[in-house]
Amino acid sequence: MRPDLLNPLFAAVDSLKGVGPGLARPLEKLLLTRIRDLAYHLPDRFVTRRAVADLDEASVGEQIVIALTPREHRSSPGRGPFRIVAYDAAGNAITLAWFGRNAGWAKKQMPLGKTCWVAGRLDQYGQMLQMVHPDHLGMESGAALGQLVEPVYPLSDGLTQPRIAALVQQALTFLPELPEWIEPGLIAKMDWPKWRDAMTLAHKSEHPGARDRLAYDELLANSLALLLVKAANRKRTGTPLHGDGSLRARLQLPFALTGAQTRSIAEIEGDVAQGAPMLRLLQGDVGSGKTAVALHAMLIAVEAGAQAAMLAPTEILARQHYETLRKMAAPAGVTVALLTGRDKGKAREATLMGLVDGSIQICVGTHAIFQEAVQYRNLALVVIDEQHRFGVGQRLLLTQKGRRMPHCLAMTATPIPRTLTLAQYGEMDVSRLDEMPPGRQAIDTRVVAIDRMPDVIDSVGRHMAGGGQAYWVCPMVRENEGADLAAAEARHAELKVRFGDTVELVHGQLRPQVKDAAMERFASGAAQLLVATTVIEVGVDVPNSTLMVIEQAERFGLAQLHQLRGRVGRGADKSTCLLLRSAALSETGRARLALMRESQDGFRLAEEDLKLRGGGELLGTRQSGDTPFRVADFEQIARLLPLAHDDARLLIDRDGGLDGLRGQAARLLLYLFERDWGVQLLRGG
Ligand code: ADP
Ligand code: MG
């Protein structure tokens with residue numbers, strides 16, 4: 001049970017003043033559902049704006065304060081933004097744009113003809129100057145606005161900076177004093193503030209000490225929890241599995257296993273033969289052949305007379321795995337079944353029966369395979385694909401099925417740097433598939449400036465005229481969600497005008513049925529061009545698709561670009577990936593894209609990306625789930641994690657039950673960061 005002291009922090013956000021149903025959704029999108037989440041919603045940066053008399057004085061990308069007179073209100077149909085056309089004192093025009101729910105509010109704030117102070121970032125859209133979601137409107141004096149140092153928070157549709165800032169300030173008033181969990185020597189040496197002070201300071205201005213302290217807290221909580229899991233796991237009993245090789249011998253795979261696959265299988269075989277349950281991570285780049293390794297692992301379980309289950313993060317992936325495994329396992333005479341949330345009625349009943357009576361030996365599915373109603377005769381191995389989609393807590397829950405703990409093999413294609421491996425998978429043993437199956441062709445990767453868009457569209461046209469298929473990826477980054485979605489939809493519409501019905505669109509906000517239908521049309525070859533946001537990152541396998549265009553490539557993390565690119569280069573033909581970049585690109589941006597051109601090695605890309613990214617770069621990772629952290633950024637992880645890990649180990653060595661004074665404080669920390677399954681394991685012993 002969570003200590004009472006923390007209860008106010010875990011109250012729902014709608015207990016705050018001014019949070020009605022209208023705000024609940026935008027907040028939820030940012031994963032801000034409790035007071036605690038708001039307090040930890042740290043600014044991306046701080047701004048001080050420059051007051052300018054007219055737009056000629058300002059440059060694109062700059063944060064400015066300016067007096068503007070609205071001339072025209074423009075609503076656009078559908079998802080388009082609400083726009084106000086306004087003029088500065090010198091007669092220069094600018095468009096102010098709002099996406100989502102803010103249109104009515106903006107209209108009221110800026111009546112036509114009435115001059116008003118506007119603060120925000122100056123952008124350009126085509127030929128027109130623009131400001132998307134200005135931060136302030138209608139303040140009395142521009143001078144005061146120009147002096148403000150203000151936090152800039154990550155936003156979602158329907159939220160503005162002032163809105164979120166006010167909510168955060170309210171949330172901060174609920175913070176209790178908490179006892180110190182950081183080692184006293186360390187906190188003195190680092191000159192870090194106390195927890196509550198650090199929370200307040202981090203929202204007020206640049207304060208590296210406060211940010212580091214909060215990041216360290218999160219890292220410490222994570223390391224503690226992982227060490228507790230590891231300790232608890234050592235005490236659990238699993239089922240030792242001794243396969244006799246008979247089923248594996250009957251497989252008729254059309255290829256010989258690579259050395260890395262053979263080694264990984266041997267490591268797994270060694271683990272599952274033990275009494276303690278396996279907790280192993282199989283890390284292998286896209287296309288490195290993880291499925292074949294998983295199949296061998298599951299056949300070991302079946303040879304030993306037990307069942308195995310494989311968990312996929314999405315419906316589409318589950319189906320794909322099912323088809324692949326069923327075909328591969330057929331010569332061995334093994335029964336494979338599929339179970340997802342969408343299976344209903346008789347078919348579902350039959351599957352459930354088969355799992356209970358053991359006639360189904362391998363079950364593939366989404367998290368539906370671990371629901372209460374699903375009983376197994378003797379489940380001894382769980383394979384989890386695309387591990388990073390599931391938290392450690394969830395993993396623990398689902399491996400609690402049955403009195404004995406099943407062996408667990410987690411698989412991930414996310415090439416995480418070694419420092420992060422420790423953070424995310426600290427409790428696991430790791431096998432790496434560091435060798436690609438032979439005969440893979442390199443993907444011809446090119447960086448193309450955005451102004452060559454017409455040429456790019458022409459070459460996509462030629463590619464399709466020759467019977468090829470292609471992906472067209474648009475970014476979808478939380479900070480600019482409404483605009484991004486609109487951009488993807490606009491691009492789809494534009495390409496459809498040019499190429500007709502052969503163009504499909506998928507993004508995360510479509511209904512699942514609509515999305516699946518589009519995917520299926522593309523997978524079957526009925527559609528040739530798939531415009532998509534990053535939803536295609538995991539799981540789609542269309543070997544005939546050998547061209548990928550990625551718009552605004554500089555906005556993606558390298559690891560993510562690498563995963564996206566892994567969607568092509570799956571067939572026998574040579575594949576191409578065009579990375580479209582903006583006209584103005586920072587030096588780091590250039591360097592990152594150049595790396596993409598040079599290297600196809602996911603692990604190397606991940607390491608380099610970590611080096612190239614500065615601090616504060618968490619954007620896009622929070623959503624893609626590269627790291628299990630919300631507070632610590634990449635740079636902090638690299639710098640502080642080793643410290644936190646050592647500190648956690650020392651604490652557990654000294655006080656494994658977390659009963660001492662510092663141990664008690666550490667329990668609070670675990671609750672605060674919702675690593676309390678660590679505490680629960682303590683109790684369960
Ligand atoms: P991932 O690691 O991305 O899950 P898959 O298991 O889907 O990769 O394998 C990618 C492709 O490589 C599949 O078509 C698979 O049949 C093939 N493959 C796997 N192992 C080998 C191998 N040792 N030699 C040749 N092809 C292989
Ligand atoms: Mg796979």
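Everything quoted here is computed from the prediction, not taken from an experiment. Heads up: numbering here begins at 1 and tracks the sequence. Whatever order the structure lists ligands and atoms in, that order sets their numbers, starting from 1.
Under 3.5 Å, the side chains of D357 and S359 contain a donor-acceptor pair of N or O atoms. No side-chain N or O of R567 forms a donor-acceptor pair with one of S545 less than 3.5 Å apart.
For atom 6 (O) of ligand 1, the closest non-hydrogen atom of the protein is T291 OG1, 2.6 Å. Ranking protein heavy atoms by distance to atom 17 (C) of ligand 1, first place goes to R440 NH2, 3.7 Å. Closest to atom 2 (O) of ligand 1 among all protein heavy atoms lies K290 NZ, 2.8 Å. Residue, atom and distance of the protein heavy atom nearest to atom 15 (C) of ligand 1 are F255 CE2, 4.1 Å.
Under 4.0 Å from ligand 1, the heavy atoms of Q261 that appear belong solely to its side chain. For D285, every heavy-atom contact with ligand 1 shorter than 4.0 Å involves the backbone, none the side chain. At a heavy-atom cutoff of 4.0 Å, ligand 1 is contacted by the backbone of L257 but not by its side chain.
Shown here for H562 and D285, the closest heavy-atom pair between the two residues is NE2-OD1, 2.7 Å. Across all non-hydrogen atoms, the minimal contact from L505 to A488 is CD1-O, 4.1 Å. Considering all non-hydrogen atoms of both residues, L579 and A553 come closest at CB-CB, 3.8 Å.
Of the candidates P437, G289, A256, it is A256 that places a heavy atom closest to atom 23 (N) of ligand 1.
Close to ligand 1: G287, with a non-hydrogen atom less than 4.0 angstrom away.
Between D501 and R521, none of the side-chain N atoms (NZ, or NE/NH1/NH2) sits under 4.0 Å from a carboxylate O, so this pair counts as no salt bridge.
When distances from atom 13 (C) of ligand 1 to the protein are checked, no heavy atom turns up under 4.0 Å. For atom 8 (O) of ligand 1, a protein non-hydrogen atom is found at a distance below 4.0 Å.
With L339 as the fixed residue, the side-chain contact (heavy atoms from CB on, under 4.5 Å) test singles out one of T366, V364, L352: L352.
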### Task
Take L433 and Q261, measure what side-chain contact (heavy atoms from CB on, under 4.5 Å) needs, and give me the verdict at the end.
CA-CA 6 Å; L433 290 181; Q261 284 170 320; 4.0 Å; yes
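Each of the following atoms of ligand 1 lies closer than 4.0 Å to a heavy atom of T258: 23 (N). Here is the list of ligand 1 atoms found below 4.0 Å of a heavy atom in S288: 2 (O), 8 (O).
Atom CZ of R377 sits in a sparse spot, with 12 or fewer heavy atoms from other residues, nucleotides or ligands closer than 6.0 Å.
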